[in-house]
There are 2 protein chains.
Amino acid sequence: MNQSTIQPINHSTACCGPVAELSLTSEEADRLAAQFKAMGNPVRLQIVMLLSRYGGQVCVCDIEARFTLSQPTISHHLKILRRAGLIECERRGQWYYYFVNPRAAAALGAVLAQLQPDAGQGEYA
Amino acid sequence: MNQSTIQPINHSTACCGPVAELSLTSEEADRLAAQFKAMGNPVRLQIVMLLSRYGGQVCVCDIEARFTLSQPTISHHLKILRRAGLIECERRGQWYYYFVNPRAAAALGAVLAQLQPDAGQGEYA
DNA sequence: CTATTATATAGATGAATGTCAATATTGATG
DNA sequence: CATCAATATTGACATTCATCTATATAATAG
């Protein structure tokens, strides 16, 4: 069962006026939440920042070198990011090169932009 | 111990050129990851969207009415969002009114903006 | 003061997560 | 073909998470 399912409004109390419906379908919420969740680990966040900062492609050994974590653990985090659609990879010879999927980053950014009063401008302080 | 600690570069392989250092301190990574993680649950994502869409303040009973979840579970999710700094609340009489913290949303948006090739424009497709 | 209402907190429990060691896979090299 | 090197996969384990029920707290109504 999907726990983020929208419920009908049953508003009889006096605490506040009628409130808008939820703006995401539960499928959208699940997909976006999975992407935020993938970003929601300091190791994975650092990995994504590293990939983006490199501006292109980075192989796994270079990622590994920056953490005090085992190779399988890094591989696991890369898989989670990949499954969420935040990064992609491409094999070239012996190596796998990883890179950020900018469309996914943009989709999450759009959600956050909606949370701000000046939504639409995309002005980040 | 902090698992996202930066390691010195030890680059002797031929897989790719030297790669930039991690761009976040592990403290920054931890704080930002905690915020992304708070957004990384479909119920909490829906709650935040609901608060923002209402444009102001919503009391807990109105949030509860939209989910098939118990009152303590909603309260628990609100606490997680509050602890992450994504939302705040204010008591007025009998009710607690919750609202999005736009500065936190902006900070996360800035991270995502960095992930995109045209970082700086803030153009979300 | 007592009862009610709105919300939070505490405690329990099954599911998911992060990590590692061990092993498998796959391309390169001798 | 045999070995090596880079990365993925598997399986185990402790920790964290999402949820519930039960209870506490605090403001309001009577």
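In the text below, chain A, chain B and the rest are named by the order of the sequence lines, each starting its count at 1. This structure is a prediction, so every number in the text was calculated from the model and none was measured.
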| field | Toward the 5' end of DNA chain D, by each residue's nearest nucleotide, B:Thr73 or A:Cys89 | value | A:Cys89
| said: Distance check needed: C:dA8 P versus B:Ile74 CD1, whole Å only. | reply: 11 Å
| request: Apply side-chain hydrogen bond (donor to acceptor under 3.5 Å, both in side chains) to A:Arg31 and list each qualifying residue two or more places apart in sequence or on a separate chain. | output: none
| said: So which atom in A:Gln116 and which in B:Ala106 form the shortest heavy-atom distance, rounded to 0.1 Å? | reply: NE2-CB, 3.4 Å
| message | Measuring to OP1 and OP2 of C:dT19, would you say a side-chain N or O of A:Ser70 lies under 4.0 angstrom away? | response | no
Which pairs would a plain distance check flag for residues 72-85 of chain A, meaning a side-chain donor or acceptor within less than 3.5 Å of a matching protein atom at least two apart in sequence or in another chain?
| residue | atom | partner | partner atom | Å |
| --- | --- | --- | --- | --- |
| A:Thr73 | OG1 | A:Ser70 | OG | 2.9 |
| A:His77 | ND1 | A:Arg44 | NH1 | 3.1 |

| request: Starting at atom CG of B:Leu69, determine the distance to atom C1' of D:dA18, rounded to an integer number of angstrom. | output: 9 Å
| message | Whether B:Asn41 contacts D:dA18 is assessed here as follows: a side-chain N or O lying under 4.0 Å from the phosphate OP1 or OP2. Is that the case? | response | yes
| task | Whole angstrom is fine here: how far is it from CG in A:Asp62 over to P in D:dA6? | result | 11 Å
| Rounded to whole angstrom units, what separation is found between the OH atom of B:Tyr98 and the C1' atom of C:dT7? | 8 Å
| Criterion side chain to side chain contact (heavy atoms under 4.5 Å, CB included) against A:Leu115, the qualifying member of B:Val100, B:Asn101, B:Ile87, B:Leu51 | B:Val100
| query | Could you give the CD1-to-P distance, from B:Ile87 to C:dT7, as a whole number of Å? | reply | 13 Å
| query | In whole angstroms, how far is the C1' atom of D:dA8 from the CD atom of A:Glu64? | reply | 11 Å
| field | Side chain proximity check, A:Phe36 to A:Leu112, heavy atoms < 4.5 angstrom | value | yes
| message | Of the options C:dA22, D:dC17, D:dA6, whose atoms approach the side-chain atoms of B:Lys37 most closely? | response | D:dC17
| For A:Leu86, does its backbone N or O pair with a side-chain atom of A:Gln35 as donor and acceptor, under 3.5 Å? | no
| Nucleotide C:dG18, atom C1' - distance to CG of A:Leu45 in whole Å | 16 Å
| field | B:Gln94: partners by side-chain contact (heavy atoms from CB on, under 4.5 Å), with sequence neighbours left out | value | none
| Among pairs that include at least one residue of residues 90-99 of chain A, which meet salt bridge (charged side-chain N to carboxylate O under 4.0 Å, His left out), considering only residues two or more places apart or in two chains? | A:Glu90-A:Arg92
| query | B:Val43 has a side chain; which of C:dG18, D:dT19, D:dA8 sits nearest to it? | reply | D:dT19
| note | Once base and sugar-phosphate atoms are separated, protein heavy atoms under 4.0 Å mark nucleotides 25-30 of chain D, 5' to 3', with B, S and - as -SSS--
| Close residues, residues 75-83 of chain B, relative to DNA chain D [heavy-atom separation under 4.0 Å] | B:His76, B:His77, B:Ile80
| task | Determine whether any donor atom in the side chain of B:Gln71 lies under 3.5 Å from an acceptor atom in the base of C:dA6, or the reverse, and answer yes or no. | result | no
| Rounded distance in Å - CD (A:Glu90) to P (D:dA8) | 14 Å
| request: Test side-chain contact (heavy atoms from CB on, under 4.5 Å) on B:Ile47 and B:Tyr98 and set out the steps. | output: CA-CA 10 Å; B:Ile47 289 174; B:Tyr98 280 86; over 6 Å; no
